[in-house]
Amino acid sequence: MASFSISTKVEPDADDDCVAEEEVFHFSYLFHSLVIHWFLSLQCHYRIRANANLLALLALQFENFDDFTIASPWERFIYEIEAVCRDWMTDSPKRLLDKGAVALVYSNYSYKVNSELKYGTESYCMEYYFETNNNAFVPVHDPSRKAYIGIQNMGTVFTRRFEADGICSQVPRRLMHLEGLYELFVSKFVHSTLDLPTNFFKVQFAMMLTYKMLAHDDYNMKAIDAQNTNSGENLTGETSNETLWDNDCPWSEWYSAEDPVKGFELITIWSKKMVESSLEMAELENASPYEAEKWLICPICAPKLPEVSEWNQIGFASQLHILVDALKMSFKAQFMENFVSADDNSGSENLNSSMVILPPTVSDQVLKELFQEGVQVTYSAYGGNKTSGAIKGAPLESLFAQFCLHSLWFGYCNIRAIAVLWIEFVREVRRCWEESQLIPRMPANGPIDLSTCLINQKLQMLAVCIEKKCEVNEDYQDCIGSEDQIESMTEEESVVGDDSFKMRISCGDFSGNVDSFPTAGDIHYSVKTVSAFSGKHSDGDDKKPSDITRRGSASIADAMMLLKSNESMHAPYTQEAPLMTEDMHEECPQDVEDFSDSFNFSTLVERDTLASDMSAFKAANPKAVFEDFIRWHSPGDWIDDDDLEVEMSKDNSSPRGKLSKRMSKNGNSWRNIWSRSPALPFSEQKPLIDPNREGEKVIHYLETLQPHQLLEQMLCTAFGAAADTLIQTNYGELKQMETMMQHLYLTLPPALKPLQENRLSVDSETIEDLRRLCVVFQHVEKLLTLAASLHRKFLQAPRLAREIFSDFYNFYIPRMGIGLIEEKEFDKKQAVWNEEREVVANMLVQPTANQSWRKVLSMGNLLNGHEPIQREIIFSLHGVNGNHYAIPTATVSLQNIETYRMYICGTSNDLRVALSVVSSD
């Protein structure tokens with residue numbers, strides 16, 4: 001179907017006192033290509049109006065041939081119109097598109113071309129409308145009505161005509177009810193509206209009602225916006241009385257996310273039903289939506305996908321993106337203080353006005369939260385979520401991880417704000433060290449976790465050193481008070497068989513100076529026991545070590561006997577292995593000089609530890625030989641000789657055996673250390689590592705850390721801590737989300753590995769890689785937020801949560817990483833089972849008294865006191881005899897053709913109606 005029109009505008013006559021009105025020449029032409037063969041049949045109606053004088057309507061018919069007898073201007077004008085029409089008819093739609101046809105906004109297949117004509121002093125414009133799919137709708141009336149007409153050749157003797165019109169406001173009350181809409185449809189084929197009460201027509205009826213359920217009201221949204229204002233830190237201490245939707249989600253400690261599910265659209269469908277009167281329609285209007293055959297639900301989600309350059313949504317990903325910018329800025333200064341001092345050109349010249357410094361009260365409150373007294377973690381509970389163990393950061397509950405998370409929301413996370421917070425953080429750490437206060441959120445026992453970042457290792461080392469200082473102080477005070485009560489002990493008394501005695505500390509080596517003896521091993525045992533050796537060393541006893549038969553024995557070693565003396569072997573107290581951070585291992589040489597055999601020591605500390613164990617073993621077993629130490633310390637290097645083995649006598653004679661091959665070599669390093677190690681109990685040995693010295697080294701490291709080294713470790717820790725926070729979200733049994741989180745944990749370690757190599761520069765490609773990683777993190781965070789929202793809303797209908805999330809996941813994943821190519825809303829609908837209807841209906845909360853005045857209910861079919869926001873109806877009728885569209889011959893039946901079909905879509909404020917009629921005229 002196609003059509004064209006001609007229009008012109010007459011210029012006003014200067015001598016005429018009245019203003020000339022617009023003259024319109026309208027020429028409509030309807031046809032179908034299958035009907036037209038070698039001739040052109042044109043029915044033309046036009047109307048001319050000039051100076052308010054209505055001209056008579058003219059009807060023109062012409063054949064498809066050139067008339068060369070035309071002479072008058074009017075005939076030439078008509079000839080030009082015919083020529084343009086023939087050209088348009090000859091050209092296919094493709095050729096018309098090539099000639100510059102203009103697409104119409106109301107259809108994806110509708111186009112128009114125009115041609116300028118002149119008649120006398122007037123100009124006319126001919127417009128030709130066509131569609132590439134052989135159908136077309138022509139706009140008519142005022143554009144605001146969005147009214148169209150159209151015609152379709154059905155390929156048979158039938159033709160289908162279309163009409164569409166709408167009411168944008170002030171819908172008549174009768175047309176807001178099903179009864180009035182039914183009568184509107186029937187009026188299209190009855191001879192008179194007076195026949196309506198007396199005639200019954202079997203009209204097929206189908207209806208679809210749409211209800212809108214909001215997830216939260218406007219006040220709740222304002223509360224979210226207020227909480228996320230400025231830095232994101234809720235530092236005022238004020239709380240809102242409103243409970244936010246994510247109040248108990250793991251990320252709510254740091255920010256409040258906008259609910260990705262704005263609401264739901266519930267669609268109730270009544271399938272085809274036969275109605276015969278308007279009374280039945282009135283009953284249907286009062287029917288409950290529970291009587292509908294089908295329920296469908298669709299979430300109302302944010303339609304726009306985030307682009308790389310858009311970070312307007314508050315979340316971990318947006319703040320991590322800012323932290324990446326801070327890393328790039330960190331290379332422009334040598335010390336963190338440079339970014340704080342406004343007088344230092346090395347740092348201040350790179351700062352812009354947006355990098356504001358928050359008042360001291362803000363940083364004080366953050367530090368108070370970080371260094372909250374009584375917040376301690378044990379080593380067994382240390383480490384948080386182990387899934388992020390491959391990320392070389394800090395555990396979620398550790399002090400440095402919490403510092404990094406606070407930094408994300410402190411002063412917009414710019415480099416200047418981070419510098420201010422870091423400087424104050426280090427000062428607080430030094431205060432804890434100098435005042436021997438335990439560092440919160442750090443374990444004071446257990447080995448150093450070398451899988452974490454270096455800052456976390458240093459803080460853990462400092463926590464252990466502070467613990468040692470505190471225990472040494474307690475030991476010293478206890479020894480001073482009980483020094484005169486220490487008495488000599490016999491050999492039998494020195495052997496501890498009771499597990500209640502864990503330690504015997506020599507008090508004579510304190511010399512009145514607590515800091516002069518920070519023994520590494522003695523602080524881990526109870527101070528309630530007495531000295532492990534005989535005599536009062538603190539009283540200046542001159543007894544020689546050779547006179548002491550056994551010192552520092554903890555217990556008998558599993559009934560083992562010494563090889564030479566046939567005496568029981570005693571297990572000694574030994575110093576604990578010294579704690580070492582990653583950089584301390586790197587500073588030690590990989591091989592120890594003078595020990596070139598097959599089992600070189602990895603560090604000097606390991607050699608010193610072995611020498612300490614040998615000295616303690618000698619003190620506890622004065623008659624022991626090197627082979628005895630190997631049997632106790634390294635049983636794998638002692639081989640029992642079965643050929644020489646003899647039956648043990650009743651007096652426990654020595655077993656027979658030999659050293660392993662490596663221990664039997666000449667110049668063996670272990671034997672050399674044995675020969676040089678004196679017999680000293682661990683309490684008299686020099687400590688392997690001085691906690692005072694190591695503590696000061698930790699403070700020096702923190703105070704002189706370069707900015708880019710700090711930011712590199714902060715990024716690793718922040719990514720891991722953010723992921724460990726999000727993974728605690730309860731989203732039910734959503735397998736796609738679980739897989740997504742697993743992929744995130746697999747993506748983070750290789751992406752963050754360049755930060756651990758300390759080879760970054762300001763122009764490194766790693767910066768851009770980190771920004772792309774933030775985009776990936778943002779996608780995961782958005783899906784996780786959606787998963788949590790759906791899970792919370794469908795606790796009583798988990799199947800719906802799974803199905804809706806699966807649909808959105810399949811819709812969203814193909815668009816990840818490509819930005820916003822086209823704005824396409826998620827509109828996938830999910831069927832609601834009968835047992836789930838009550839759960840869904842309860843999401844429509846009964847309106848309160850304050851809400852009841854907002855709108856007058858007028859459409860019926862209420863659900864929990866709410867009327868539908870939209871109603872769609874289809875009326876249809878198969879064959880009507882005795883009307884002006886009836887088939888003239890009895891040989892053709894309309895029983896299988898919808899003679900009349902009306903589609904109605906309306907709300908309480910507007911109404912759209914479309915009608916199609918099949919006829920044979």
Side-chain angles (χ1 to χ4, degrees), residues 1-9 22 24-37 40-47 81-117 123-156 158-168 821-825 827 872 874 898 900-906 910-919:
M1 197 282 294
S3 67
F4 66 85
S5 62
I6 306 178
S7 61
T8 184
K9 188 174 183 179
E22 179 184 8
V24 178
F25 181 90
H26 183 71
F27 187 66
S28 64
Y29 168 58
L30 305 175
F31 64 90
H32 191 276
S33 59
L34 295 178
V35 181
I36 302 174
H37 299 287
L40 175 65
S41 176
L42 176 64
Q43 294 181 346
C44 175
H45 299 277
Y46 62 90
R47 181 178 58 186
I81 294 177
E82 295 172 354
V84 173
C85 291
R86 285 194 297 269
D87 290 341
W88 284 342
M89 288 301 305
T90 303
D91 292 336
S92 64
K94 185 178 183 306
R95 290 191 61 184
L96 292 175
L97 292 176
D98 295 337
K99 290 183 178 181
V102 179
L104 302 181
V105 296
Y106 60 83
S107 174
N108 294 330
Y109 306 99
S110 300
Y111 299 87
K112 74 173 182 178
V113 292
N114 58 67
S115 177
E116 300 289 340
L117 300 174
S123 297
Y124 296 88
C125 177
M126 293 180 60
E127 292 181 344
Y128 173 63
Y129 295 82
F130 68 95
E131 284 202 352
T132 56
N133 64 348
N134 294 329
N135 296 319
F137 289 92
V138 180
V140 294
H141 306 302
D142 187 88
S144 62
R145 292 174 56 176
K146 296 182 180 180
Y148 303 92
I149 60 172
I151 189 171
Q152 177 190 20
N153 189 307
M154 301 176 63
T156 62
F158 301 112
T159 300
R160 176 176 284 121
R161 301 176 184 273
F162 301 95
E163 295 181 33
D165 206 342
I167 302 176
C168 300
I821 295 181
E822 57 177 350
E823 292 198 20
K824 183 178 180 181
E825 294 186 12
D827 56 0
E872 297 175 77
I874 295 179
E898 287 184 334
Y900 291 87
R901 181 182 180 89
M902 177 179 286
Y903 169 78
I904 301 173
C905 177
D910 57 67
L911 184 68
R912 299 281 305 159
V913 179
L915 175 67
S916 69
V917 180
V918 176
S919 64

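Values below: every heavy atom of this structure, side chains too, minus hydrogens, waters and symmetry copies.
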Where do [X] and [Y] come nearest, in terms of heavy atoms and distance?
{"X": "Tyr129", "Y": "Pro139", "value": "CE2-CD, 4.4 Å"}
{"X": "Ala103", "Y": "Tyr111", "value": "CA-CD2, 3.4 Å"}
{"X": "Cys168", "Y": "Ser144", "value": "SG-O, 3.3 Å"}
{"X": "Glu116", "Y": "Cys125", "value": "OE2-SG, 3.9 Å"}

Applying side chain to side chain contact (heavy atoms under 4.5 Å, CB included), run through Val918 and Glu898 and close with a yes or a no. CA-CA 7 Å; Val918 176; Glu898 287 184 334; 6.0 Å; no

4.5 Å side-chain heavy-atom contact, [X] and [Y]:
{"X": "Leu96", "Y": "Tyr128", "value": "yes"}
{"X": "Met126", "Y": "Cys85", "value": "yes"}
{"X": "Val113", "Y": "Trp88", "value": "yes"}

Check side chain to side chain contact (heavy atoms under 4.5 Å, CB included) between Asp98 and all other residues, then give those that pass, not counting sequence neighbours.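 Scan of Asp98 (side chain to side chain contact (heavy atoms under 4.5 Å, CB included), adjacent residues dropped) gives Lys94.
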
Got a sec, which residues hit side chain to side chain contact (heavy atoms under 4.5 Å, CB included) with Leu915, two or more places apart in sequence or on another chain? Lys188, Met902, Val917

Working for side chain to side chain contact (heavy atoms under 4.5 Å, CB included), residues Ile81 and Tyr124: CA-CA 10 Å; Ile81 294 177; Tyr124 296 88; over 6 Å; no

With sequence neighbours excluded, what pairs up with Asp165 under the salt bridge (charged side-chain N to carboxylate O under 4.0 Å, His left out) test? Arg145

Can you tell me how far the CD1 atom of Ile151 sits from the CZ atom of Arg161, to the nearest 0.5 Å?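 CZ of Arg161 is found 4.0 Å from CD1 of Ile151.
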
